[in-house]
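The chains referred to below are lettered A, B, ... by the order of the sequence lines, with proteins before strands, and numbering in each begins at 1.
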Amino acid sequence: MQSPILPILALLPLAAAILLLFLPAAKRNLIRGIALGTSIVTLVFSFIAFFAYDTAAAGYQFQVSAEWLPALGIGFHMGADGIGVAMILMAGLVVFSGVMVSWRVEDRPREFFAFLLFLASSVFGVFASLDLFQLFIFFEMAVFPKYLMIVMWGYPKTKEYGGMKLTLYLFLGSMVALIGVLAMYFGSGLHTFDMVALEKAGFGLEFQRLWFPFVFIGFGVLGGIFPFHSWAPDGHVAAPTAVSMLLAGVEMKVGVFAALRAGLMLMPDGMRAWAPLILVLATINVVYGAFIAMIQKDFKYVIGFSSVSHMGLVFIGFATLTPEGLTGAGLQMFSHGIMTALFFAVVGMVYDRAHTRNLNELGGLFKYMPIAMLGFVVGGLVSMGMPGFSGFIAEIPIYMGAWKTVPLVAIISALSIVITAAYILLVVRRVFFGETPEPIKAGLSDITIMDKIVVVMLSLVMIIIGVFPSVIVPVIESGVKHILVLVGGA
Amino acid sequence: MPAFTSDMLTSLIPETGLLVLATLLLVLVLVKNEKFYIHLDWITAAGFTLIAVLAFIFGRPAEEPRLLWGEMIRVDRAGYLLSLMVLVGGALTAVFAGTDVTVGKKPEFYLLLTLASIGLVLMGTSANLIMLYLAIETAAIPLYVLAGIKYRDAWSVESGIKYLLFGGFSSAIMLYGFSLLYGFAGTTKIYGMVDALRASGTPLAAIILAAIMVLAGFTFKISAIPFHFWAPDVYQGAPTPVAGFLSTVSKAAGFIALARILINALGVESGNVWMIILAVISAASMFIGNLLAIPQKNLKRMIAYSSIAQAGYILIGVASGSEFGFSAAIYYLVAYLVTNLAVFAIINWIEYETGSTEISTFAGLNRREPGLALLLMIALLSLGGIPPLAGFFAKVLVFGAAIQSGMVWLAILGIINSVIALYYYLRVMKVMYVDEPAGSIKVDKLPVVWTVALAVCIIGIVLLGVVYSPWYNFITLAAMGL
Amino acid sequence: MNFLTDHLLTWILFIPTVGAALLLFVPGGKVKFIRIASLVISVLPLLLTLYLWSLYQSPDQAGTFRFEENYPWFTAINSSYHLGIDGVSLAMLLLTTILTPLAILTSFNIKERVKAFMILFLVLETGMLGVFMALDLLLFFVFWEIGLVPMYFLINQWGGEKRNYASLKFILFTMGGSLGLLLAIQMIGVISGTFDLVTITQSWPALNEGVMFGIPVATVKAVAFWAFIIAFAIKVPVWPFHTWLPDAHTEAPTGGSMILAGVLLKLGAYGFIRLVLPLFPQESARFAGWLAALATAAIVFGALAAAAQKDFKRLVAYSSINHMGFVVLGIAAAAWAAASTNPAIRESAVIALNGSVLQMFNHGLSAAGMFFLVGVIYDRAHTRKLEDFGGLYAILPIYGSILIFTSMASLGLPGLNGFVSEFMIVRGVWPIFTLWIALGMIGLLFTGVYVLKALTLTLHGPLNEKWSGKLSEINLRELWVIVPLMVLMLSIGLWPSWILNLINSTVMTWF
């Protein structure tokens with residue numbers, strides 16, 4: 001049965017982006033309207049995908065396949081498992097939010113929204129891909145919109161450095177992954193890029209040991225794995241708000257998702273062999289990221305480094321190879337995506353009005369933008385793993401997975417909870433409370449109604465998941481079950 | 001002498017057609033009626049296109065490759081494909097040249113372009129060392145003149161002379177290599193030379209020496225290490241359309257001929273050795289091309305260095321020595337043809353508007369001419385190997401070929417270079433999209449034919465990057481038939 | 001009413017949060033409405049708790065835990081929404097639901113951002129109630145942590161001068177302490193395969209042999225035990241983990257201080273009783289001596305420090321350390337005795353533990369009362385320096401009398417509530433930790449010193465002239481706060497069995 005949901009999600013934004021580029025630049029409102037309309041449609045479809053996903057049946061659903069290049073076993077094959085639909089929902093939410101908060105972009109909105117939708121198409125495409133080659137195409141498609149959006153609309157002081165660093169890091173990572181992907185293609189002897197088929201390839205242990213790091217670390221660079229994380233804070237800070245949201249919120253998940261799909265799921269023995277190293281690296285991510293976040297003076301850098309810290313937990317979850325760890329990793333991918341998008345949205349709202357992100361020059365914004373503050377606090381609570389919010393729901397299973405494998409990892413990385421609490425609370429206090437410094441007073445105003453919708457929507461999602469984990473957990477679990485079968489029962 | 005067959009005729013459709021076109025142009029040169037001169041670009045392009053259509057329909061080779069014309073010419077898909085590439089590339093070049101200030105209205109330019117194309121088409125079909133050498137020289141001599149055709153411009157003259165000297169030098173070495181091969185094998189026939197060499201009992205070292213000499217000539221043609229020095233100066237100095245033609249069509253012809261010799265004349269015996277030699281050349285070309293491209297301030301010069309690097313990528317496919325590798329290289333050549341022609345076309349247009357090809361003149365292109373900026377971006381991204389564009393799939397194929405042949409190290413060097421290359425392509429994109437232009441620049445309306453030609457290139461880039469099956473399958477057959 | 005009674009705990013637990021959520025939609029300007037509404041919302045759980053209590057008396061509910069509710073919550077890790085209460089938790093629920101409306105009533109004097117204040121307060125109530133109801137380890141932790149956030153903001157936004165420092169110290173100390181708790185809970189969860197407290201209480205203590213994570217089980221359990229102890233000890237707080245308390249209590253707004261001292265400290269002690277004793281009986285017995293020593297230190301140092309304070313509120317804050325020391329000492333005695341077979345010792349332990357729980361209740365009443373009274377005078381005088389006062393009895397006779405009454409309850413004057421519980425603890429602990437309780441008596445002596453010092457400096461002596469005519473008498477709203485507390489203090493002092501029976505019914509079953 002061919003279901004149109006996933007192709008629509010992946011290709012509609014692309015079509016809209018191309019359409020936008022053909023419109024006259026002067027028709028700004030039409031351009032914005034099309035972008036918003038597209039993002040609403042994708043949001044609706046991502047909800048449909050999420051709620052129509054049959055957790056009892058599990059497996060890959062909404063499958064669509066067509067021939068592409070049969071001579072090389074390249075096919076057009078889309079489908080999503082539980083983790084996939086969760087990621088799609090998250091991407092739908094973030095893309096919609098990104099368009100909403102970018103409503104007031106005045107410099108070349110046509111290009112801005114076109115590139116943004118291009119990026120959206122790329123992320124949906126990756127989450128929906130069941131063909132490795134196709135996944136790779138969608139993965140790489142994001143290179144140019146990312147770069148251009150950062151250098152065109154980014155933070156003037158660092159945009160060129162940050163944009164270039166981000167792009168080259170990610171490109172290098174993906175090219176390394178490409179080598180691994182090609183090796184799997186030739187090594188399997190199946191002459192197919194279809195992941196469902198490759199799952200049964202049964203690569204030898206030596207093969208997996210050799211090639212696993214290429215794929216996992218290569219894609220993992222986009223997930224910000226230590227020591228290849230340094231693009232993340234620089235890039236996120238340099239990017240314009242919507243792009244930071246998509247980059248940190250969705251793109252980092254694209255990286256770990258690809259690492260999961262192509263690395264962990266196709267070469268589970270490789271994962272097992274390399275798990276100790278990945279655990280070490282990820283633990284460094286978690287603790288080091290949190291420490292560095294704490295000493296930042298720039299509001300946005302704090303969030304940038306916090307992403308590094310939180311993504312480490314995802315890698316820990318993967319490396320445990322336990323049901324809990326993997327479920328937690330999936331939850332953390334979702335939770336962190338929403339959380340960090342919210343963070344960057346609020347940072348953007350603050351910066352747009354105060355024209356500074358220096359923590360020492362901000363203060364008392366609570367009086368001007370209470371909803372933004374509330375959103376930031378909710379995000380902060382998620383970030384510090386406060387119970388009742390999605391972050392807790394995600395972190396607990398990850399730690400439990402770690403307890404089952406290497407308890408020391410759980411103990412060390414738990415330190416980050418307190419560090420995170422410290423810096424989040426300090427940032428909240430310095431930015432939103434206290435006295436408002438004179439220089440920034442002039443520009444301050446409340447956030448727009450569209451901003452408020454975004455902040456409230458994202459906050460609610462995190463609270464709902466925090467209180468009723470059963471909304472999402474069964475969906476993720478159904479995906480994890482399949483992974484566990486591949487891993488070998490564990 | 002076998003009897004005359006109809007496919008002997010059809011096999012020469014491109015050459016014959018081009019000869020007719022050349023005669024026509026020669027007449028126009030002699031007429032000296034300036035009225036015609038403004039239409040030369042599309043007349044030539046139409047001629048090339050017509051020949052291409054004829055060749056496409058009637059020149060389609062049979063399933064089994066055949067040696068015709070006294071075993072001088074081999075009719076196979078590779079040659080057929082190259083002839084189409086030359087014709088299409090020639091047509092596009094002619095159109096793009098129309099906007100060039102210096103050569104656009106010169107009938108000599110179009111005449112030389114046509115003559116060079118004859119040689120290039122023959123390079124793809126030659127099955128005999130002598131025939132091949134003749135073809136190479138037929139192509140080379142008009143190209144020397146083309147490179148220096150702006151005889152009032154010191155850069156262009158220098159470029160012409162440099163091209164001539166390097167060309168002559170490398171050609172001589174290659175000819176020496178050919179003669180050695182003839183001496184060892186006792187035949188000039190490319191097909192069957194492997195067996196002849198084996199039968200002659202020539203030591204491997206001697207064959208390798210000859211092979212290296214032959215390679216030297218080809219590295220000039222494809223602008224790879226070590227005979228790449230001419231490329232930056234020539235690309236920068238020569239008229240932009242000529243540079244585009246040199247970097248794409250001429251390079252493609254060189255690669256096809258090289259592949260033919262490697263497979264059929266040098267063959268299996270020295271297989272591993274020439275794989276390693278080619279791999280080293282490939283790696284060196286990539287690194288030197290990409291690293292030297294970074295500091296360039298002139299876009300043509302940068303693309304010249306990038307072209308050296310691209311030769312390196314294509315050589316990865318050749319070096320892997322498998323059918324898959326050769327398919328990859330040919331796919332790369334096709335992708336590179338449309339991509340680089342588009343790049344040079346846009347450079348040429350900017351040169352027409354501003355009189356300069358410095359990268360800084362591209363500042364603010366996005367605000368000035370957003371469509372053109374977008375198209376140049378697409379072309380640059382294709383060069384950089386970003387999906388869903390032609391260059392991406394081509395790169396995947398060559399890296400895949402390397403991995404399949406166990407040369408993972410070469411693939412890794414390839415990806416490192418892809419990253420380096422992306423760096424400078426992105427910098428150009430940044431200039432177009434972010435930087436502010438120094439002063440106000442007049443914006444001209446794009447000619448219709450020119451726009452159509454550019455659209456062909458861009459559609460080609462996208463089609464080659466999105467739809468694979470038709471081209472890939474044909475290219476695979478072509479590679480198998482080499 | 002079936003729906004109500006079947007889910008009585010859930011109703012009590014979430015009425016404050018639902019109310020808070022509704023308040024979100026009330027315009028912030030309608031201060032009066034918000035105040036009244038939040039008071040009403042907070043009274044509802046009190047009424048339901050009283051109803052719960054009445055149901056609890058009837059014998060038809062059997063089992064260790066009553067009014068159980070058990071629904072799957074976080075199935076991926078087998079954590080469930082499992083609530084249930086016994087006598088001890090009911091007493092604590094009662095304390096919480098009584099103090100919250102009173103604290104809200106006290107906070108009617110808050111002028112800024114009333115809406116936010118009330119919402120945070122109501123959410124805080126849910127957090128506290130949840131801890132006393134949770135029968136799932138993870139759920140316990142959820143509520144344990146969730147109360148921190150509103151408290152942090154209450155201190156940080158409506159607190160005194162050093163509120164930034166105090167609030168951050170408060171939350172980092174507590175979160176830092178909870179870290180070990182969280183890890184230990186996870187470990188227990190991983191090993192037991194469930195977080196259900198009832199199940200774990202049976203399986204976990206029985207786990208004594210073998211190796212976990214390459215370490216002998218006994219060591220692992222000892223480490224986990226200390227992780228629990230530290231988390232709870234910070235909350236109580238037990239010396240030397242107490243340093244956050246004086247700052248937080250002093251800087252918090254009056255209503256916040258009342259809840260902090262009245263209920264939040266009890267969470268730690270409750271943790272000892274609900275989790276540490278049942279889950280780690282062997283370790284508890286083994287380390288009870290250490291705990292008793294720390295508790296004694298808390299009693300003595302708390303009292304000494306209180307006696308040295310110049311700030312009235314700080315004095316009251318230190319007194320909490322002193323009083324809570326007794327609670328922990330009683331618990332330590334019970335922990336030690338649980339391993340004993342001597343019936344006399346076990347009987348003493350029952351008395352000690354009963355005393356501890358009652359002391360928790362009593363301290364809740366008296367500390368809340370004391371903080372309230374400090375708040376009343378601070379509102380008028382805008383100073384809390386003891387030396388600034390003097391002779392206030394002459395101008396504020398009603399206030400003065402109330403202050404004396406409450407102080408005496410805190411001091412442990414026979415006839416008032418404090419005496420009953422402290423006596424029971426002393427009696428219960430005596431045969432077990434004679435030395436420690438003897439030392440504790442010195443602390444008790446100093447309790448008298450600092451209470452009398454405070455009274456002398458504020459009420460007696462020559463009237464500080466600058467106050468004459470400036471200070472108004474305690475008003476009606478404030479009387480509504482303190483009178484119920486005084487009634488309760490007196491009722492427990494005179495007839496403790498109404499609450500003691502409830503506590504004892506549960507404590508008896510443990511020995």
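In this structure, chain C has a heavy atom under 4.5 Å from the side chain of A:F366, while its backbone stays farther away. Contact of A:L415 with chain C is made through backbone and side chain together, with heavy-atom distances under 4.5 Å. At a 4.5 Å heavy-atom cutoff, C:F143 makes no contact with chain A through either its backbone or its side chain. Within the 4.5 angstrom heavy-atom criterion, atoms from both the backbone and the side chain of C:I146 approach chain A. Looking at A:V467, the atoms closer than 4.5 Å to chain C (heavy atoms on both sides) all sit in the backbone: N, CA, C or O. For A:P407, the part sitting under 4.5 Å from any heavy atom of chain C is the side chain, from C-beta outward, and nothing else. In this structure, chain A has a heavy atom under 4.5 Å from the side chain of C:L182, while its backbone stays farther away. For C:Y81, no part lies near chain A; criterion is any non-hydrogen pair under 4.5 Å. Within the 4.5 angstrom heavy-atom criterion, no atom of A:L408 approaches chain C. The part of C:L179 that comes within reach of chain A is its side chain, from C-beta onward, which places non-hydrogen atoms under 4.5 angstrom from that chain. Contact annotation for C:F195: only side-chain heavy atoms (C-beta onward) come within less than 4.5 Å of a heavy atom of chain A. For A:M400, the parts sitting under 4.5 Å from any heavy atom of chain C are the backbone and the side chain alike. Using a 4.5 Å cut-off between heavy atoms, A:T327 touches chain C through its side chain atoms alone. The part of C:I171 that comes within reach of chain A is its side chain, from C-beta onward, which places non-hydrogen atoms under 4.5 angstrom from that chain.
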Could you walk me through whether A:I424 and A:F343 pass side-chain contact (heavy atoms from CB on, under 4.5 Å), step by step? CA-CA 11 Å; A:I424 291 289; A:F343 269 149; 3.9 Å; yes
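For C:D136 and C:S79, the side-chain atoms include at least one donor-acceptor pair closer than 3.5 Å. No side-chain donor from either of A:T55 and A:S478 sits under 3.5 Å from a side-chain acceptor of the other. C:T10 and C:E69 form a side-chain donor-acceptor contact under 3.5 Å, judged by distance and modelled atom types alone. No hydrogens or angles considered: a donor-acceptor pair under 3.5 Å links the side chains of C:S178 and C:E145. A:D81 and A:H482 are not linked by any side-chain donor-acceptor pair at a separation below 3.5 angstrom, with hydrogens and angles left out of the test.
Aromatic ring centres of C:F232 and C:W144 lie closer together than 6.0 Å. Taking the six-membered ring for Trp and the full ring otherwise, C:F170 and C:Y152 have centroids separated by 6.0 Å or more. Ring-centre distance between A:Y399 and A:F392: not below the 6.0 Å cut-off.
Highest contact tally toward chain A, considering only C:N164, C:I191, C:T75, C:I185, is held by C:N164 [criterion: heavy-atom pairs under 4.5 Å]. Note: A:E477 leads A:E477, A:E324, A:M384 in heavy-atom pairs under 4.5 Å with chain C. Each of A:I476, A:I393, A:V428 has some count of heavy-atom pairs under 4.5 Å with chain C, and the biggest count is that of A:I393. For the set A:F433, A:F389, A:F468, the entry with the most heavy-atom pairs within less than 4.5 Å of chain C is A:F433. Put simply, of A:G388, A:P474, A:A414, A:A410, the one with the most heavy-atom pairs under 4.5 Å next to chain C is A:A414.
In the displayed structure, A:F291 atom CZ is contacted under 6.0 Å by at most 12 heavy atoms of other residues, nucleotides or ligands. Counting non-hydrogen atoms of other residues, nucleotides and ligands closer than 6.0 Å to NZ of A:K367 gives a total above 12.
A cation-pi arrangement is absent between C:K221 and C:W226, since the terminal nitrogen or guanidinium carbon is not both under 6.0 Å from the aromatic centre and inside a 45° cone about the axis.
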